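Worksheet for the structure shown next.
The sequence lines fix the lettering, A, B, ..., with proteins before strands; numbering per chain opens at 1. For clarity, every value in this text was computed on a predicted model and none was experimentally measured.
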Amino acid sequence: MIRTRFAPSPTGFLHIGGARTALFSWAYARHHGGEFILRIEDTDVARSTSEAVQAILDGMRWLGLDYDEGPIYQMRRMDRYKAVIREMLESGSAYYCYTAPEELDRVREAQRAQGLKPRYDRTWRPETGKTLPKPPDGVRPVVRFRNPLDGVVAWDDLVKGSIAIDNAELDDLVIARADLVPTYNFCVAVDDWDMNITHVIRGDDHVNNTPRQINILKALGAPIPRYGHLSMILGDDGQKLSKRHGAVSVMQYDENGYLPEAVLNYLARLGWSHGDDEIFSMEQFREWFDLDHITPSAAQFNTEKLDWLNAHYLREADNMRLAALLAPRLAALGVTLLQTPSLEAVVALYKERVSRLDQLADEVKVFYAPLEPDPDALARHLTPDALPALKDFAARILEVDPWDAPSINALVKDCLKAHKLKMPKLAMPLRVLLTGREHTPSIDGVIALFSRETVLERLKPAGVG
RNA sequence: GUCCCUAUCGUCUAGAGGCCUAGGACACAACCCUUUCACGGUUGGUACCGGGGUUCGAAUCCCCGUGGGGACGCCA
């Protein structure tokens, strides 16, 4: 049984990089009929917040990434960690270290100054025949892992291929702080073991942690899962994602008018490919997903392509669903919906013209809010030669039956013919008068959305209503 | 500084030694469609980081540079 996990630390929102990690981990489990576990790594008590936990949960739900177990909170597993640490202390794979943090800083600084890799000097590491210093009074020790001194830790990375790191490069890392709270690398190892994780799919900022975790797992006599390290996502500007460079919550994409299926499709395609396929459903993604086609190098986020995908999914989306998504947006704009036109009908006509929901809201609002036609646009299109035709149109509007686009189109054409005008001559002033905009869908369809009365009402500024 | 990872159009990518005169998508440009703007259609330009090998043959394998990224915490 394949079991994967997504293990964020609740120190901030779920950003796009984390979302992709979750997505790939989820997809791997789902593709193989395995299980996906959500684990909250909250051992950094100072920075973890319940708001962040909620933000992660919200993000996962919005994306539709369901998990079979969890959320499992590490802070609730303290007893287990402490028991393991005790065992390691007893078996000699861990030891107490009394070096003060300030002293550590001094040593590291000196090492750096010499061009060395900063590392713990192993003062308190027990060795046969070595006499340890006397523990100073009143100092609460940390617990360190007794990392092997030589040899290499190697694994066949699922996305990057074989990676080998010398044990000589590794430190005797702290596995429990002075306050007894265990640290990341240790908890991950214990959890992955306890939770029977078979495949660890995570960001490649963890490549350097992998040998440490493997060593701990080995010391524990635990099986070693397979590891796959995903490259990171760079911002739109090619810079590392940060607050300054587009690191925003996935929920921000919701607010910005993106559909989850568009974000999902975009993320799936960022750093993973299935031939030339660009647009695919989550079902297809689950079916196709594999680790062999993941790009090992970093990928730059491209908002324009996301927009393109979102426009596609907007066009595909059900009108009723879009109307429901739009209603609160319109309310936020201070727009009160009317009986006519129905939001669904407007959406049906406009959804293929925009790439985001906020743009759709902006287009749609003119159907419900009073209009003040732009004088410049009016001057441009409400030309003297168009006026008679417009008047004609207004006068005959009550004859139109049924009140639908084809009949309206017939009347428009009639008026054009009678006054020997071309379509734009009449369509443009109608657009501006009815919607305040110069760009709209086909004018007959737009007119059909309104009632006859509203049309006449809106034609009044032209003096023909 | 040390260690690790990485490198195909502006961007995301296809590419597992001959199918590559390097394909697709976004973006861009032109044209077509047209009732404005979109959509759609057609066409076009733009890329294998550099240098050495290996091989009959290299975008693909190896080495060295260079660029980019990551890590070096009582953060995760």
Side-chain angles (χ1 to χ4, degrees), chain A residues 7-11 41-44 46-48 74 97 99-101 104-105 108 111-120 140-144 157 159-161 163-166 168-171 173-185 187-188 203-211 229 231-232 234 236 238 240 266 269-279 292-293 295-309 311-312 315 350 352-355 381 409 412-413 416 422-428 430-432 437-446:
Chain A
S9 67
T11 53
E41 311 219 319
D42 54 357
T43 54
D44 185 352
R47 292 196 301 158
S48 296
Q74 289 187 321
C97 164
T99 308
L104 247 22
D105 288 343
R108 275 196 273 261
Q111 287 166 328
R112 240 185 253 271
Q114 285 179 59
L116 296 171
K117 190 170 194 160
R119 236 172 347 184
Y120 172 59
R140 305 187 63 168
V142 299
V143 178
R144 284 186 183 272
D157 197 272
V159 347
K160 290 176 189 285
I163 299 179
I165 292 171
D166 284 335
E169 295 296 330
L170 268 23
D171 216 344
L173 78 179
V174 171
I175 58 174
R177 303 167 169 95
D179 64 5
L180 301 178
V181 177
T183 62
Y184 169 75
N185 281 111
C187 295
V188 169
D204 73 359
D205 48 335
H206 287 294
V207 166
N208 297 277
N209 289 322
T210 303
H229 290 92
S231 66
M232 57 184 314
L234 271 21
D236 231 334
K240 185 192 171 183
Y266 179 74
R269 195 61 191 66
L270 191 61
W272 174 83
S273 60
H274 184 265
D276 287 338
D277 294 307
E278 295 287 349
I279 292 174
D292 298 333
H293 291 85
T295 309
S297 56
Q300 189 172 319
F301 194 88
N302 186 232
T303 305
E304 281 165 341
K305 192 155 183 180
L306 207 213
D307 283 352
W308 171 73
L309 273 169
H312 167 81
R315 263 176 265 141
Y350 273 82
E352 53 189 51
R353 313 173 58 76
V354 297
S355 48
H381 299 291
N409 188 259
V412 171
K413 291 248 167 83
L416 288 172
K422 296 272 193 198
M423 183 55 108
K425 211 67 207 172
L426 193 47
M428 290 313 291
L430 280 170
R431 282 196 170 91
V432 174
R437 308 258 160 111
E438 290 172 273
H439 307 309
T440 78
S442 181
I443 193 62
D444 48 359
V446 171

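Note on S355(A): nothing from the nucleic acid sits closer than 4.0 angstrom, heavy atoms only. Note on E278(A): a base of the nucleic acid sits closer than 4.0 angstrom, heavy atoms only. At a threshold of 4.0 angstrom between heavy atoms, the contacts of T11(A) with the nucleic acid are absent. Among the heavy atoms of the strands lying under 4.0 Å from L116(A) is at least one base atom, whether or not backbone atoms are also near. N409(A) comes within 4.0 angstrom of a base, heavy atoms only. Residue P441(A) is classed as a base contact, given a heavy-atom separation below 4.0 Å to a base. Using a 4.0 Å heavy-atom cutoff across all strands shown, E438(A) reaches at least one base atom of the nucleic acid. If you check every strand for non-hydrogen atoms under 4.0 Å, G203(A) touches nothing. Counting any heavy atom pair closer than 4.0 Å across all strands shown, R315(A) reaches sugar-phosphate atoms only and no base atom. A299(A) comes within 4.0 angstrom of sugar-phosphate atoms only, judged by non-hydrogen atoms across all strands, and of no base. Within the nucleic acid shown, R119(A) has no heavy atom closer than 4.0 Å to any nucleic acid atom.
Considering only the side chain of M423(A), U35(B) comes nearest among U35(B), C74(B), U13(B). Taking only side-chain atoms of Q300(A), from C-beta outward, the nucleotide of G1(B), U35(B), C12(B) with the closest atom is C12(B). Closest to the N185(A) side chain, of the nucleotides U11(B), A7(B), A76(B), is A76(B). Picking from C12(B), U35(B), U6(B) the nucleotide with the shortest atom distance to the side chain of P296(A) gives U6(B). Residue P101(A) places its side chain closer to C74(B) than to any other of C74(B), C39(B), U36(B). Comparing atom distances between the P118(A) side chain and each of C5(B), A25(B), G73(B) picks out G73(B) as nearest. Closest to the side chain of W308(A), out of A27(B), U11(B), C39(B), is A27(B). Among the nucleotides C26(B), A76(B), U2(B), the one closest to any side-chain atom of S9(A) is A76(B). Considering only the side chain of I165(A), C4(B) comes nearest among C4(B), U35(B), C74(B). Of the listed nucleotides (G23(B), A27(B), C72(B)), G23(B) has the atom at the smallest distance from the side chain of D276(A).
R269(A) places a side-chain N or O within donor-acceptor distance of the main-chain N or O of D277(A), the cut-off being under 3.5 Å. Although no hydrogens or angles enter the test, the distance criterion places no donor-acceptor pair under 3.5 Å between the side chain of D307(A) and the main chain of S355(A). With hydrogens and angles ignored, the 3.5 Å screen pairs a side-chain donor or acceptor of D157(A) with a backbone N or O of V159(A). Judged purely by atom type and a 3.5 angstrom limit, E41(A) has no side-chain atom pairing as donor or acceptor with the backbone of P8(A). A donor-acceptor pair is defined here as one N or O able to donate and one able to accept, closer than 3.5 Å; no such pair exists between the side chain of N209(A) and the backbone of N185(A). Remark: side-chain polar atoms of T11(A) are not paired, donor with acceptor, to backbone N or O of R47(A) under 3.5 angstrom.
Nucleotides C33(B) and A38(B) are separated by 13 Å at their C1' atoms, to the nearest Å. Distance check on atom C1': G68(B) versus U54(B) gives 28 Å, rounded to whole Å. C64(B) and C5(B) have their P atoms separated by 12 Å, with the value rounded to a whole Å. Straight-line distance between the C1' atoms of U46(B) and G24(B): roughly 15 Å, to the nearest whole Å. With C1' as the reference atom, A47(B) and C26(B) are 16 Å apart, rounded to whole Å. When the P atom is compared between G15(B) and C9(B), the two are found 16 Å apart, to the nearest whole Å. Here the separation of C48(B) from C20(B), taken at their C1' atoms, is 10 Å to the nearest Å. Between A16(B) and G23(B), the distance separating the two P atoms is 14 Å to the nearest Å.
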Per-nucleotide protein contact string for nucleotides 64-70 of chain B, where B marks a base within reach and S marks sugar-phosphate only (heavy atoms under 4.0 Å, - for neither): -----SB

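Pairing each heavy atom of D236(A) with each of F301(A), the nearest pair is OD1-O, 2.8 Å. The two residues Y266(A) and N302(A) come nearest to each other via the heavy atoms OH-N, 2.6 Å.
Between E352(A) and L270(A), the residue anchored closer to the 5' end of RNA chain B is L270(A), taking for each the nucleotide with the nearest heavy atom. The 5' end of RNA chain B is approached more closely, in terms of each residue's nearest nucleotide, by D166(A) than by the other of D166(A) and D171(A).
Under the Watson-Crick or G-U wobble criterion, with both distances below 3.5 Å, C74(B) is left unpaired in every strand shown. Here U35(B) sits opposite no nucleotide as a Watson-Crick or G-U wobble pair (both hydrogen-bonding atom distances under 3.5 Å). Nucleotide G67(B): paired with U6(B) (Watson-Crick or G-U wobble, both distances less than 3.5 Å). The pairing partner recorded for A22(B) is none, the criterion being a Watson-Crick or G-U wobble arrangement whose two distances lie under 3.5 angstrom. The pairing partner recorded for A47(B) is none, the criterion being a Watson-Crick or G-U wobble arrangement whose two distances lie under 3.5 angstrom.
Of the options D204(A), N208(A), D205(A), a side-chain contact (heavy atoms from CB on, under 4.5 Å) to H229(A) is made by D204(A) and by none of the others.
Atom CG in D292(A) sits about 10 Å away from atom P in G15(B), given to the nearest Å. Taking atom CD1 of I175(A) as the reference point, atom C1' of G73(B) lies 15 Å away to the nearest angstrom. A straight line from CZ of R112(A) to P of A71(B) spans 12 Å, rounded to a whole angstrom. Distance D307(A) CG to A38(B) C1': 14 Å, rounded to the nearest Å. When the P atom of U35(B) is taken as reference, atom CE of M428(A) falls 13 Å away, rounded to whole Å. The separation between E304(A) atom CD and C26(B) atom P is 12 Å, rounded to whole Å.
Note that CG of L426(A) is 11.5 Å distant from NZ of K413(A), once rounded to the nearest 0.5 Å. If you take CZ on R108(A) and CG on L116(A), they are separated by 14.0 Å, rounding to the nearest 0.5 Å. Atoms CG and CZ, from L180(A) and R140(A) in turn, are 5.5 Å apart once rounded to the nearest 0.5 Å.
For H274(A) and A14(B), the shortest distance from a side-chain N or O to OP1 or OP2 is not below 4.0 Å. Checking the phosphate oxygens (OP1, OP2) of G73(B), a side-chain nitrogen or oxygen of R108(A) falls inside 4.0 Å. Contact between the side-chain N/O atoms of S273(A) and the OP1/OP2 oxygens of A14(B) is found at a separation under 4.0 Å. The phosphate of A76(B) has OP1 or OP2 within less than 4.0 Å of a side-chain N or O from T43(A).
Taking only distance into account, the side chain of N209(A) meets the base of A76(B) through a donor-acceptor pair shorter than 3.5 Å. For S442(A) against U35(B), a side-chain-to-base donor-acceptor contact under 3.5 Å is present. Between the base of U35(B) and the side chain of R431(A) there is a donor-acceptor pair shorter than 3.5 Å.
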